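In what follows, a single structure is set out as structure tokens and then discussed.
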There are 2 protein chains.
Amino acid sequence: MKVRLLLVDDHPIVRSGMRMLFQAEPDLEIVGEADGGAEAIVAVQRLHPDVVIMDVAMPGVNGIEATRRIKELAPETAVLALTMHEDEQYFFEMLKAGASGYIPKRAAPDDLVAAVRVVAQGNVFLYATLARFLMKDVGEPGAGEQSGAEAAGDAGADDLLTAREREVLACIADGMTSREIAEKLVISVKTVERHRENIMAKLDIHNRVELVKYAMRKGIIVG
Amino acid sequence: MKVRLLLVDDHPIVRSGMRMLFQAEPDLEIVGEADGGAEAIVAVQRLHPDVVIMDVAMPGVNGIEATRRIKELAPETAVLALTMHEDEQYFFEMLKAGASGYIPKRAAPDDLVAAVRVVAQGNVFLYATLARFLMKDVGEPGAGEQSGAEAAGDAGADDLLTAREREVLACIADGMTSREIAEKLVISVKTVERHRENIMAKLDIHNRVELVKYAMRKGIIVG
DNA sequence: CCTGTCATCGGGCGCTCACCCCATTTCCGG
DNA sequence: CCGGAAATGGGGTGAGCGCCCGATGACAGG
């Protein structure tokens, strides 16, 4: 199955060059062209291409806005941003709009062909120099939300440990000292230590660090 | 000029499979293999490969830490992360460590070959399902980008720790005592304790259990 | 009834941990 | 050239840890 391409650029010469380039690739097929963002949106609805090669800077509806609309109307269509501007702001705007790839016009033709094949598979292609923007920014992602909600109360699944032992283990793996656990459970420090000894003996574990990792594997605590 | 590859995976069968795969590609050449992070770092310095295919979860020095060290020692070497875990946390940690690509082991072989060619050119390849994490994150950079307020007691940044400190932390989180770490790193026990004190002070952490959980969140160890 | 498990407590011993104090060497950037 | 960071060491102290020794009561099952 050939990859169906839609070329979007306001410069006919650029489109012509890409036509030449892709005609040499038997697995790639150009099914349409557009010279502006508005035309591109219409063409996508009519042609349903696999990949849209989208110029970023165009008069009228620009590539960023066109990409946003295309991803709304046809999310399965991949958009590969092609640009003269190696600008950080444009780069992020295109990614936010839904582009799967970003490549400058100064890139080697082979890079463009490779990029098309990558995004056609649903993957992401970012050109080297642009990717640096990403590396710099990824530094502090927005602290993803892990969904716990396993009602970890008790209900023993592990018959090695007793319910009380698992309760103590959860406290240990939470970073509490024996004294703190004793206060929380309203028992003696020695009893807490006794439980810990029994846990370690049963599991053949000899320090708290390994207890933490065991508790995480067993889901006794969430990491 | 062939692309020179270094395979890093602790499972010989996985390496064998990749060897078969790449032998069919005339432009790709495997120049070495390593079965762990520490061995990978040494191999990179000796072989100077173009691309390192790096397993993420490995015993000992894991793929994230190994990538960090490799990018320090040989920034021109591209690292392609290969993983069984399609986990958001690992994904971002590998990108921050300097990986140029991220692809799961369940991906099609052709995708892996394509990814190698992409990163060998200095570009970035991200597999479809993983790339969603990025899209989701890039969408709201403004929301999570409040700098400052670090005195609130929260451990925020990640290059807080030096390379040596991360090395010691990995050992601590692996369950080793100060004595064992000292023997492994061939330094004094007091020096190990000194590093630990500095780590704890920087992170505002006061016991080993919390250090383990920090190391897991940051991908310094893989639980 | 008697044996086992579970949970509860006590003392002690050797070691490590966590947190202070201090110093030297190397190396890099202003 | 000088200052700071990094890595390397040493000493000391109080508390917690890991692991032995013991004990008592409750409770369930063969």
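Per chain, numbering begins at 1; letters A, B, ... match sequence-line order. Just so it is clear, the structure is predicted and the values come from calculations on it, not from any experiment.
The distance from atom CD of B:Glu197 to atom C1' of D:dT13 is 12 Å, rounded to the nearest whole Å. Taking atom CE of B:Met176 as the reference point, atom C1' of C:dC17 lies 16 Å away to the nearest angstrom. One can place NE2 of B:His195 at 17 Å from P of C:dC19, the figure rounded to the nearest angstrom. Note: CE (A:Met200) to P (D:dG16) measures 16 Å, nearest angstrom. Summarising the geometry, the separation between NE2 on A:His206 and C1' on C:dC15 is reported as 16 Å, rounded to the nearest angstrom. Rounded to an integer number of Å, the gap from B:Arg179 CZ to C:dG14 C1' is 13 Å. Counting to the nearest Å, the C1' atom of D:dC19 and the CD1 atom of A:Ile199 are 15 Å from each other. When rounded to the nearest whole Å, the span between CG of B:Asn198 and C1' of D:dG4 equals 14 Å.
Of the candidates D:dA6, C:dT8, D:dC17, the closest approach to any side-chain atom of B:Lys202 belongs to D:dA6. Closest to the side chain of A:Thr162, out of D:dA6, C:dA7, D:dC19, is C:dA7. Here the side chain of A:Glu165 is nearest to one of C:dA7, C:dC19, D:dA7, namely C:dA7. Each of C:dC17, C:dT8, D:dG16 was ranked by its minimum atom distance to the side chain of A:Arg164; first place goes to C:dT8. For B:Arg196, whose side chain is taken as the heavy atoms from C-beta onward, the closest listed nucleotide among D:dC17, C:dC17, D:dC19 is C:dC17.
As judged by a 4.0 angstrom heavy-atom cut-off over every strand, A:Asn207 is placed among residues touching the sugar-phosphate backbone only.
Put simply, the side chain of B:Arg166 gets close to the backbone of B:Leu161: a donor and an acceptor are under 3.5 Å apart.
Rounding to the nearest 0.5 angstrom, the gap separating the CG atom in B:Leu112 from the CZ atom in B:Arg117 is 10.5 Å. Atom-to-atom distance recorded for A:Ile53:CD1 and A:Leu82:CG is 7.0 Å, nearest 0.5 angstrom. To the nearest 0.5 angstrom, A:Met94 atom CE is 6.0 Å from A:Met54 atom CE. For the atom pair A:Ile172 CD1 and A:Glu167 CD, the distance stands at 11.5 Å (nearest 0.5 Å).
Salt bridge status for B:Glu180 with B:Lys184: absent, with no side-chain N to carboxylate O gap under 4.0 Å.
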Step-by-step side chain to side chain donor-acceptor pair (under 3.5 Å) determination, B:His48 to B:Asp50: CA-CA 7 Å; B:His48 300 291; B:Asp50 299 310; over 6 Å; no

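Of the residues in residues 185-194 of chain B, B:Arg194 come within less than 4.0 Å of DNA chain C through at least one heavy atom, sorted by number.
The phosphate of D:dA15 has neither OP1 nor OP2 within less than 4.0 Å of any side-chain N or O from A:Thr177.
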